[in-house]
Amino acid sequence: MTRLRYAVVIPAVAGTLLAGFTPAFAGQEVAAGNQPQSSVPAQYANQKLDWHKCAVPSELPTAPPAGAEDMECATFKTPRNWYQPNAQIDLTIAVSRLKATKGATASVVTNPGGPGAPGRNFPARLRNQPKLREHQEIVGFDPRGTGKSTNITCGGAIGTGSDLDPRDRSRENLNLILQATKYAALSCQQKSGELGPLINTDQTVKDIDLLRVLLGRDKINWVGYSAGTWMGAHYAQAYPTHTGRFVLDSSTEFTTTWQKSFDWQPLGFERRWRQDFLPWMAKYDKLYHFGTTGEAARQTYEQVRYALTQGAVTLPDGSTVSANGLDSFIASNIYSKRSFPGLADYLVSVRTLTQGTASAQAKSSAAQKLKAADKSTETSGAQPLMVPTDGDSYDASFWTIPCNEGPWTGSTQSAIRQSQKLIDQQLPLLGAGWFIQPCLFWKKPPAPLPVLDGRGVPPVLIVESEHDPATPIEGARRAHKAFAGSRMLTITGEGDHGIYAGGNAGVDKVVEAYLVDGVVPNDQSLPGMPLPVPAGA
C-alpha cells in the first residue's frame, strides 16, 4: 500500500458526470435480493487458460529478469458485475505464471499491493525461491481495472499541478488544492464510466476465486504484499474452504476501513525518515556533508526545502524539482534500504542546485548526479513492490478502490484540521498533505465492507517490519489481534516494506516452512538486515 497520491488539477470540470449513469454496488445488489451465485457459472468455469510464453511489450511491460525468462501468460473472462453474472458483459483478466520446477501440486497466487497495482509481472519476485518453486506454480494477475486487464482511467487528472506545496497553509493555496482534488475525483468517476463502481475488493476476490477454478485447485496459497494483504484477508474471509496458506507481508490494518488503515501512514513515513534514513546519512557525513546527526541532517533538508519554495530547480532536460516534489521523492525512496544511497545522492545534488554560491560547474555536475541518482534508484531494486503501469489505470484504481468501499468520514475542513494537527505533531512529510482526500468528493452511496474477524479461516501468517513506512506496525498489530488464528512475524531492527523473498534468509525459512511444509509458526521476532554501506564511504 502506498500513500494517497497528491492530486492537484487546476482547470474547472469540463462536462458533467455521464448522463443516466447508475452505479452498481455490491451492497445495492444484495439489498435488492440479487445474491451472488454460490458457485462459478458454467460459462466462466469452463474456460481454458491458454498458457504461452509472454510477449513483450504487448503482454508484459518489460522483459522478465534472469530466472523468470519462461514466464507464461494467459487471459480469462469474468463478469463485469458478479451480482449480474448473466448480463453477458465481461471483463478481461490478464494472468501469468512461473511453472514449478519439479511439477506443480499447488498454486500460490501473488499480489504486489497498491491497492490496484498490476501484478502480471510480479511472479518474478519469487523466481529465486527454489524450495517454494519445486512444487508450486507462481501465479500473478492484473486486477480488474489495471495493467493488461480491462482498464479504468481518470483521464490523466491525477497529479497535474502536484508541485503546489501543502505546507503553504494560506487559505488561497489550500482552496486551490481542494478544488483540484475535487476535479480529479469527479474526473475519475466520469472517465471510468459504469465500470468504475465495480473496481472494488468484493468483485476482485470473486475474480480470484474464478482463477482458482481455472487453475484446477480446490485451494490456493497466497503471497500478498502491502495492500495485497487486504485483498488476501478479504478472500480468506469470503472463501475459507478454498483458503490454503496465506502470507500477508507488510500488512495493512485490513480489519478496519481504508481510511483508518491509511491514517497510520504519516507516522510510519516520518519514523522511517527521522529514525532510519537521516541517522544513516549522518553516519556517513564525511561522504555527504549533510549533517553529523540525524537532526542536523534534517535541518539541512529543511533549508533545501525552503529554498525550493522560493523557486523550483529546473534541470537541463526541462524537468523541475519543487518542495513538494522533493517530499514525494523522499517518501517513495524510503520503502527499501537499498534506495538510501541513491536518495542521499539526490539530496546532496538538490542542495548544490539551490545554493546561490555554487559555481556553474558545480551545478552542472549536480544536475548530472541528480539524473544518476534517479537512475540508480530505478535500477537498484530499491522499490521492489513498484510495478510498471499502463496509462493512468493504476493511479485510477488506487483512488477508486478505497473510495468505492467502506465509509470515508469527515469534511474538507476536518481534513485540513487533521493535516494541521499532523504538522503540529512533527509529522509533516506526509501529514502536510493529508487533507488531499479524494474520497471526500466521491459521489456514491457507501458499499459496506464485510466483517473481517478470521473466524473459520485457516491460520494466516503476517510478516511486518518494525519501521515499515507505508503499512506501519501499529496497524498490522491491530489486524493480527482482531483476526482470529493469525500468526505474526515481527522483523526487528528493520524498516523495509516487503520482507519475504527480499534477502532475509531467516524470514524466508520460517515463511516457507509455513507456505511449503504447512508448519504454522508461533508469534515471534526475527532480526532484520543491516543498512547498506554507500560506495566511497
Side-chain angles (χ1 to χ4, degrees), residues 1 26 108-115 143 200-206 208-209 212 219-265 267-268 385 401-402 405-407 447-466 468 470-492 497-500 507 510-515 518-526:
M1 180 175 67
V108 56
V109 180
T110 62
N111 182 264
N200 60 46
T201 304
D202 175 57
Q203 296 281 341
T204 298
V205 298
K206 291 176 173 59
I208 296 170
D209 200 54
R212 174 193 62 78
K219 295 182 178 182
I220 54 171
N221 296 333
W222 180 266
V223 175
Y225 297 83
S226 196
T229 65
W230 178 284
M231 189 182 296
H234 276 255
Y235 179 92
Q237 191 80 61
Y239 300 101
T241 60
H242 297 307
T243 295
R245 299 156 190 169
F246 273 40
V247 176
L248 310 180
D249 191 310
S250 305
S251 183
T252 59
E253 190 183 345
F254 52 80
T255 50
T256 186
T257 66
W258 281 114
Q259 185 178 26
K260 291 180 179 178
S261 186
F262 273 121
D263 275 346
W264 291 109
Q265 287 193 330
L267 168 64
L385 306 186
I401 294 168
E405 55 190 40
L449 288 168
V451 174
L452 263 66
D453 56 17
R455 294 182 181 179
V457 178
V460 302
L461 178 59
I462 297 170
V463 182
E464 187 73 19
S465 69
E466 285 185 315
D468 189 313
T471 53
I473 195 168
E474 288 82 358
R477 284 172 173 157
R478 289 169 66 93
H480 169 45
K481 183 178 180 180
F483 204 72
S486 63
R487 305 293 196 272
M488 185 166 173
L489 301 184
T490 300
I491 315 305
T492 60
H497 183 69
I499 302 298
Y500 171 56
V507 171
V510 175
V511 169
E512 291 185 352
Y514 163 78
L515 191 56
V519 178
V520 179
N522 295 321
D523 289 359
Q524 59 187 277
S525 296
L526 296 170

Participant: First locate atom CG of Leu449, then atom CD of Gln237, and finally report the distance between them rounded to the nearest 0.5 Å.
Facilitator: 12.0 Å

Participant: Does atom CZ (Arg487) have a neighbourhood of more than 12 heavy atoms from anything else shown, all under 6.0 Å?
Facilitator: yes

Participant: Would Met231 and Thr204 count as a side chain to side chain contact (heavy atoms under 4.5 Å, CB included) here? Give the steps.
Facilitator: CA-CA 8 Å; Met231 189 182 296; Thr204 298; 3.9 Å; yes

Participant: Side-chain contact, heavy-atom cut-off 4.5 Å: Trp258 with Pro115?
Facilitator: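 In contact.
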
Participant: Which atoms form the tightest heavy-atom contact between Phe262 and Pro402, and what is the distance?
Facilitator: CE1-CG, 4.0 Å

Participant: Minimum heavy-atom separation for Gly224 and Thr229, please, with both atom names.
Facilitator: O-CG2, 3.5 Å

Participant: Could you tell me if the side chain of Ile220 sits less than 4.5 Å from the side chain of Ile208, heavy atoms only?
Facilitator: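 In contact.
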
Participant: Which heavy atom of Gly244 sits nearest a heavy atom of Tyr514, and at what distance?
Facilitator: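 Distance-wise, the nearest heavy atoms are O-OH, 4.4 Å.
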
Participant: Rounded to the nearest 0.5 Å, what's the gap from CG on Asp468 to CD on Glu466? Could you check?
Facilitator: 11.5 Å

Participant: Could you list the residues that satisfy ring-ring contact (aromatic ring centres under 6.0 Å, His included) with His234, not counting sequence neighbours?
Facilitator: Trp230

Participant: Of the non-hydrogen atoms in Glu464 and Pro472, which two are nearest, and what is the gap between them?
Facilitator: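 Distance-wise, the nearest heavy atoms are OE2-C, 3.7 Å.
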
Participant: Answer whether the closest heavy-atom distance between the side chains of Tyr500 and Val463 falls below 4.5 Å.
Facilitator: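 With C-beta onward as the side chain, the pair stays apart.
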
Participant: Identify the two heavy atoms, one from Val457 and one from Ala236, that lie closest to each other, and give their separation to 0.1 Å.
Facilitator: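 Shortest heavy-atom contact: CG2-O, 3.5 Å.
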
Participant: Measure the shortest side-chain to side-chain distance between Ser251 and Thr471 over non-hydrogen atoms and say whether it is less than 4.5 angstrom.
Facilitator: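 No, side chains not in contact.
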
Participant: Please determine whether salt bridge (charged side-chain N to carboxylate O under 4.0 Å, His left out) holds for the pair Lys206 and Asp209, giving the CA-CA distance in whole Å, both sets of side-chain angles, and the decisive distance to 0.1 Å.
Facilitator: CA-CA 5 Å; Lys206 291 176 173 59; Asp209 200 54; over 6 Å; no

Participant: Donor-acceptor pair, Gln259 side chain versus Thr257 backbone, under 3.5 Å?
Facilitator: no

Participant: Going by ring-ring contact (aromatic ring centres under 6.0 Å, His included), name the residues that satisfy it together with Phe483, two or more places apart in sequence or in a different chain.
Facilitator: Phe254

Participant: What's the spacing between Ile499 CD1 and Ile491 CD1 if we round to 0.5 Å?
Facilitator: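 Ile499 CD1 to Ile491 CD1: 6.0 Å, rounded to 0.5 Å.
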
Participant: Is there side-chain contact between Gln524 and Leu526, with heavy atoms separated by less than 4.5 Å?
Facilitator: yes

Participant: Got a second to check how far His480's NE2 is from Met488's CE, nearest 0.5 Å?
Facilitator: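 His480 NE2 to Met488 CE: 6.5 Å, rounded to 0.5 Å.
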
Participant: Given side chain to side chain contact (heavy atoms under 4.5 Å, CB included), test Trp264 with Arg478 step by step and report yes or no.
Facilitator: CA-CA 11 Å; Trp264 291 109; Arg478 289 169 66 93; 3.5 Å; yes

Participant: Evaluate the side-chain proximity of Val109 to Asn221: yes if any heavy-atom separation is below 4.5 Å, no if none is.
Facilitator: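 When only atoms from C-beta onward are counted, Val109 and Asn221 do not touch, as no gap falls below 4.5 Å.
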
Participant: Please step through side chain to side chain donor-acceptor pair (under 3.5 Å) for the pair His497 and Asp249, ending with a clear verdict.
Facilitator: CA-CA 8 Å; His497 183 69; Asp249 191 310; over 6 Å; no

Participant: Apply side-chain contact (heavy atoms from CB on, under 4.5 Å) to Thr256 and list each qualifying residue two or more places apart in sequence or on a separate chain.
Facilitator: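 For Thr256 the side-chain contact (heavy atoms from CB on, under 4.5 Å) partners, ignoring immediate neighbours, are Glu253, Lys260, Ser261.
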
Participant: Is Ser486 close to Leu461 at the side-chain level, that is, under 4.5 Å between some pair of heavy atoms?
Facilitator: no

Participant: Looking only at non-hydrogen atoms, find the nearest pair between Ser465 and Ile473 and report the distance.
Facilitator: O-CB, 3.9 Å

Participant: Measuring from atom CD1 of Ile401 to atom OG1 of Thr201, what distance do you get when rounded to the nearest 0.5 angstrom?
Facilitator: 6.0 Å

Participant: Show the numbers, then the answer: is there a side chain to side chain contact (heavy atoms under 4.5 Å, CB included) between Leu489 and Ile462?
Facilitator: CA-CA 6 Å; Leu489 301 184; Ile462 297 170; over 6 Å; no

Participant: How far apart are the C-alpha atoms of Val108 and Trp222, what are their side-chain angles, what is the distance that settles it, and do they pass the side chain to side chain contact (heavy atoms under 4.5 Å, CB included) test?
Facilitator: CA-CA 5 Å; Val108 56; Trp222 180 266; 5.6 Å; no

